[in-house]
Number of protein chains: 2
Amino acid sequence: MEAKKILLVEDDPNFGAVLKDYLMINDFEVTLAKNGMEGFEKFKKDTFDLCILDVMMPYKDGYTLAREIREKNQEVPIIFLTAKTLKEDVLKGYKVGADDYLNKPFDSEVLLMKIKAIIQRKASEVKPDTTKFEFEIGKFHLNSKLRFLTYPGQEPIKLSPKECELLKMLALHENDLMPRELALTKIWRDDNYFTSRSMDVYIAKLRKFLKQDENVEILNIHGEGFRLVVKK
Amino acid sequence: MEAKKILLVEDDPNFGAVLKDYLMINDFEVTLAKNGMEGFEKFKKDTFDLCILDVMMPYKDGYTLAREIREKNQEVPIIFLTAKTLKEDVLKGYKVGADDYLNKPFDSEVLLMKIKAIIQRKASEVKPDTTKFEFEIGKFHLNSKLRFLTYPGQEPIKLSPKECELLKMLALHENDLMPRELALTKIWRDDNYFTSRSMDVYIAKLRKFLKQDENVEILNIHGEGFRLVVKK
DNA sequence: AAATATATTAACCAAAGATTAACATAAAAA
DNA sequence: TTTTTATGTTAATCTTTGGTTAATATATTT
């Protein structure tokens, strides 16, 4: 499985660094911010699987940050770290939408357990087939759950996860612009030179598959992204 | 909604009674047992939506009880109560399959919050019909209760428990994805490298059985799971 | 024409899966 | 009880698949 991304917002530099290291050793990708302000900036620039927020921070406390994060994203799990054990604080945290609450000092293994449990839970919540996974693309039929693409009178083509996700994302924007950045942040989970090259490779692969139907093609919009055109 | 049933196993009679009352006020139906032995007896006699187990109990501790409960029922959520904050204990609890962990003294409102969250979560999980035990798989007929697989004009093949459960799980998802993780957690009760290898071995065994009918095959969906394909 | 962005192919590496066999253990039979 | 037999796990090995990067070519914009 791909490494999960964690946003860690902690003003104590020592503690922050240690925790970051510990999480990284355990195969998480960690972005560390040293206050609420910075945390929010970093949150906006990337896609995280989990946020761990210290409650007591200068300028912007954990609750405020959590509320801002919730405005942008209702899904992402949030864990609070706090030195306080006061009931009101714990309840306040839950009300803001926390998924869990940890008192400092806490045991790192316990944190790890909780992180895994929470990420696991979230993953299973999304499962109910609310997400569309079947698409008609010209004469093609795409099943993105079973990851294959069929063309009349032919064996289904098996797609790799990336091929499949990319084609799905294009299909979701059929005849419209699918911004490069969108695919990169959602599928590659990182928007940089290399992932961008990698994406080009996948676009080429998809074009190969799709060229059987001359009414279907993937156009590039220079500097913007791609467009799956289906003539009808 | 109908009142949810909770099995509360707590050896301290005072604390037990207070907690029971509190939960009943909050519209739960509570069965109180005062030790592990009694807890297990009551568990077998009824159907509960949640079990709350004290860890420290005479005769039979909470972990042992949890393991027994899990043997009977893989679904029911379990929350541990403990006075200990020792790391090993918390970890032990999670390993036995706990859904959550609460330290005593804890805040009852927090407990309530957790109970609701857990019951809610379980409710939203979809479960395939596990009671069915006869399946038509192409020309094969599977009886998963008597554990045999028949093919026209042939002696029935006897299946081992694991072979049988795995084939059944595949059959329940016929032509659809059966996630690897699902089989591992349900059949092997553990999702790790070794159980995963073990599962591969069983897939190979099943393929051997099934290859007599060329319209039946088990396909792998890389990184996702398997798919029992039956062409018709 | 220089810089930037995209296209395509191929080489490479890592992860996942398949298969066979060895080993361990528990249930059944002698 | 000891011996078989059935079942399941672990190991070893091989194959396939998936994804990134590099190399090179072609477009597009400034």
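By convention in this document, chain letters (A, B, ...) are assigned in the order of the sequence lines, proteins followed by strands, and residues within each chain are numbered from 1.
Atoms CD1 (I157(B)) and P (dA6(D)) sit 15 Å apart, rounded to a whole Å. Counting to the nearest Å, the C1' atom of dT19(C) and the CZ atom of F226(B) are 13 Å from each other. Protein atom CE of M199(B) is 13 Å distant from nucleotide atom C1' of dA18(C), rounded to whole Å. Distance NZ (K208(A)) to P (dA7(C)): 14 Å, rounded to an integer number of Å. Atom pair N220(B):CG and dA15(C):C1' shows a separation of 12 Å (rounding to whole Å applied). Straight-line distance from the CG atom of L219(A) to the C1' atom of dA27(D): 14 Å, rounded to whole Å. When rounded to the nearest whole Å, the span between CG of L166(B) and C1' of dG8(D) equals 13 Å. For the pair R180(B) CZ and dG17(C) C1', the computed distance is 7 Å after rounding to whole Å.
Nucleic acid contact class of D200(B) (heavy atoms, under 4.0 Å, all strands): base.
Using a 4.5 Å heavy-atom cutoff, the side chains of I69(B) and C51(B) are in contact.
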For salt bridge (charged side-chain N to carboxylate O under 4.0 Å, His left out), just list the numbers for R180(B) and D191(B), CA-CA rounded to whole Å, side-chain angles, deciding distance to a tenth of an Å, and then say yes or no.
CA-CA 9 Å; R180(B) 202 178 187 99; D191(B) 181 352; over 6 Å; no
Kindly indicate, with the supporting measurements, whether the criterion side chain to side chain contact (heavy atoms under 4.5 Å, CB included) is fulfilled by D54(A) and F15(A).
CA-CA 11 Å; D54(A) 190 8; F15(A) 182 68; over 6 Å; no
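In this structure, NZ in K42(A) is found 6.5 Å from OG1 in T31(A), a value given to the nearest 0.5 Å. The CZ atom of F209(B) sits 7.5 Å away from the CG atom of L149(B) when rounded to the nearest 0.5 Å.
Geometric assessment of R197(A) against the ring of Y193(A) yields a positive cation-pi assignment under the 6.0 Å and 45° thresholds. Note that K158(B) lies outside the cation-pi zone of F148(B), set by a 6.0 Å cut-off to the ring centre and a 45° limit from the axis.
Between the E174(A) side chain and the A171(A) main chain, no donor and acceptor come within less than 3.5 Å of each other. For the pair K44(A) (side chain) and K72(A) (backbone), a donor-acceptor distance under 3.5 Å is absent. Of the possible donor and acceptor atoms, one in the side chain of D213(B) sits under 3.5 Å from a partner among the backbone N and O of K139(B).
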Encode nucleotides 12-26 of chain D as B, S and - characters from 5' to 3', where the letter depends on protein heavy atoms closer than 4.0 Å: B to the base, S only to sugar-phosphate, - to neither.
-----SSBBBS----
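Axis deviation across the helix from dA1(C)-dT30(D) to dA30(C)-dT1(D) amounts to 20°, comparing end segments of five pairs, rounded to 10 degrees.
Y202(A) and W188(A) have their aromatic ring centers within a separation under 6.0 angstrom.
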Considering only nitrogen or oxygen atoms on both sides, find all protein atoms under 3.5 Å from nucleotides 22-30 of chain C and state each distance.
none

